[in-house]
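Have a look at the structure below before the remarks.
Only this structure's heavy atoms are used, side chains among them; waters, hydrogens and symmetry mates stay out. The first residue of the sequence shown is numbered 1, and numbering continues consecutively from there.
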Amino acid sequence: MLQEKKEALAKKARRDIATLLEKGKLETAKLRVESMINEDIHVELLELLELYCELLIARFGILDNSTREPDPQISEAVCSIIYAATRTEVKAQELQVLREMLMHKYGREFSIGVMDNKDSCVSERVIKKVAPYTPESALVNAYLEEIARTYNVPYEHEEPLTLDDEDNDAGGGGGLKEKVLDRQLEPPLLAEPPTAGIDVVKHSDKPQIPSLPPTEDEKRPAKSPTPAKATPPPAEAAEDDFDALARRFAALKKR
């Protein structure tokens, strides 16, 4: 009965949200959607507790035989019911009665340990659904899109601003990321950029002699070279001085 009532209220809430979207009241619709998401989580919690109750009914023999602590086959169901029964938004009378019966059966010390989730005896799914939760914007937008599609209501999803959008709004024209990429892809600057109308002198390690203007002799056309005269072969080498002295000495002796 409680779940059916919750589902009927959720259906009516969806219709009201569609009306708000049609009137352009987007912020009010988002707040309604957040409340609807929390209601859906609460309904899921009730469904989970209902499954645990059916488990205890199916294993009632094990529940009846255990005295101090519940059997491992039913321990999670017992601990989850004791822990979550008082944390539901709507206090179901049957659920409260079952919780008191379980606490009376297993004692005060066991019940205090369960309320403190000692040794992680409570189901992790139950703890998540009981904890306070603020829906994310992506989930809220997904709900709004589904409601708008179901009731045929126009809805434009608002995208969050990024670096590209902020740069385009400022007149950058390509986004901050694109500018950074373009700057990284630019070729390195030339070591000696060309300049128009200026003679660039490249420096070297060795000194250079400046060029001089040509003289008058250099300006005259060069004459064709005259053929060189043939030189006579050289005379035979003179006789040795020693032989000449010897001949003169012999001629003096004959006189």
Side-chain angles (χ1 to χ4, degrees), residues 1-18 29-147 149-151:
M1 290 291 294
L2 182 60
Q3 293 179 7
E4 292 178 359
K5 184 179 180 180
K6 286 282 186 182
E7 291 176 358
L9 292 175
K11 186 176 182 180
K12 182 179 182 301
R14 291 187 181 92
R15 191 180 298 110
D16 294 341
I17 292 172
K30 287 183 177 180
L31 295 177
R32 294 284 183 89
V33 168
E34 290 185 5
S35 300
M36 179 188 298
I37 292 174
N38 289 323
E39 287 292 333
D40 290 345
I41 293 175
H42 185 252
V43 171
E44 292 176 0
L45 174 63
L46 294 177
E47 292 176 353
L48 189 57
L49 294 177
E50 183 181 4
L51 290 177
Y52 284 137
C53 292
E54 293 178 357
L55 176 64
L56 293 180
I57 294 174
R59 300 177 181 178
F60 182 77
I62 300 176
L63 176 64
D64 191 24
N65 292 332
S66 57
T67 55
R68 286 189 174 183
E69 292 184 357
D71 190 89
Q73 298 181 16
I74 60 173
S75 177
E76 182 179 336
V78 171
C79 295
S80 298
I81 291 173
I82 295 175
Y83 180 84
T86 57
R87 290 176 168 84
T88 55
E89 295 180 3
V90 179
K91 303 298 187 295
Q93 183 178 358
E94 296 84 356
L95 193 60
Q96 298 299 324
V97 172
L98 177 59
R99 176 179 180 271
E100 292 178 1
M101 292 174 60
L102 294 174
M103 291 176 65
H104 179 73
K105 180 176 179 60
Y106 295 109
R108 181 173 180 274
E109 185 177 353
F110 174 78
S111 301
I112 293 175
V114 170
M115 296 304 293
D116 295 336
N117 193 18
K118 185 179 179 180
D119 299 330
S120 301
C121 59
V122 183
S123 172
E124 187 68 23
R125 295 173 61 188
V126 172
I127 293 177
K128 289 182 178 179
K129 295 183 184 302
V130 168
Y133 174 69
T134 302
E136 299 178 356
S137 59
L139 183 60
V140 173
N141 290 326
Y143 265 70
L144 289 174
E145 290 177 358
E146 185 63 26
I147 293 172
R149 188 182 302 108
T150 302
Y151 293 93

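The environment of OH in Tyr133 is crowded: more than 12 heavy-atom neighbours from other residues, nucleotides or ligands sit within 6.0 Å. More than 12 heavy atoms of other residues, nucleotides or ligands sit less than 6.0 Å from atom CE of Met115.
To the nearest 0.5 Å, atoms CG (Leu139) and CD1 (Ile37) are separated by 4.0 Å. A distance of 13.0 Å separates NZ in Lys11 from CG in Asp16, rounded to the nearest 0.5 Å.
Applying the salt bridge (charged side-chain N to carboxylate O under 4.0 Å, His left out) test to every pair with at least one member in residues 112-141, sequence neighbours left out, gives these pairs: Glu44-Lys129.
Counting heavy atoms from C-beta on, the side chains of Glu50 and Leu46 never come closer than 4.5 Å. Put simply, the side chain of Met36 reaches to within 4.5 Å of the side chain of Ile17, judged on heavy atoms. Between Ile112 and Glu109 there is no side-chain heavy-atom pair separated by less than 4.5 Å. For the pair Ile127 and Ser120, the minimum side-chain heavy-atom distance is 4.5 Å or more.
At a cut-off of 3.5 Å, with distance as the only test, no side-chain donor of Tyr143 or Glu34 sits close to an acceptor on the other residue.
For Met103, the side-chain contact (heavy atoms from CB on, under 4.5 Å) partners are Ile82, Arg99, Ser111, not counting sequence neighbours. By the ring pair (Phe, Tyr, Trp, His ring centres under 6.0 Å) test, Phe110 pairs with Tyr106, sequence neighbours left out.
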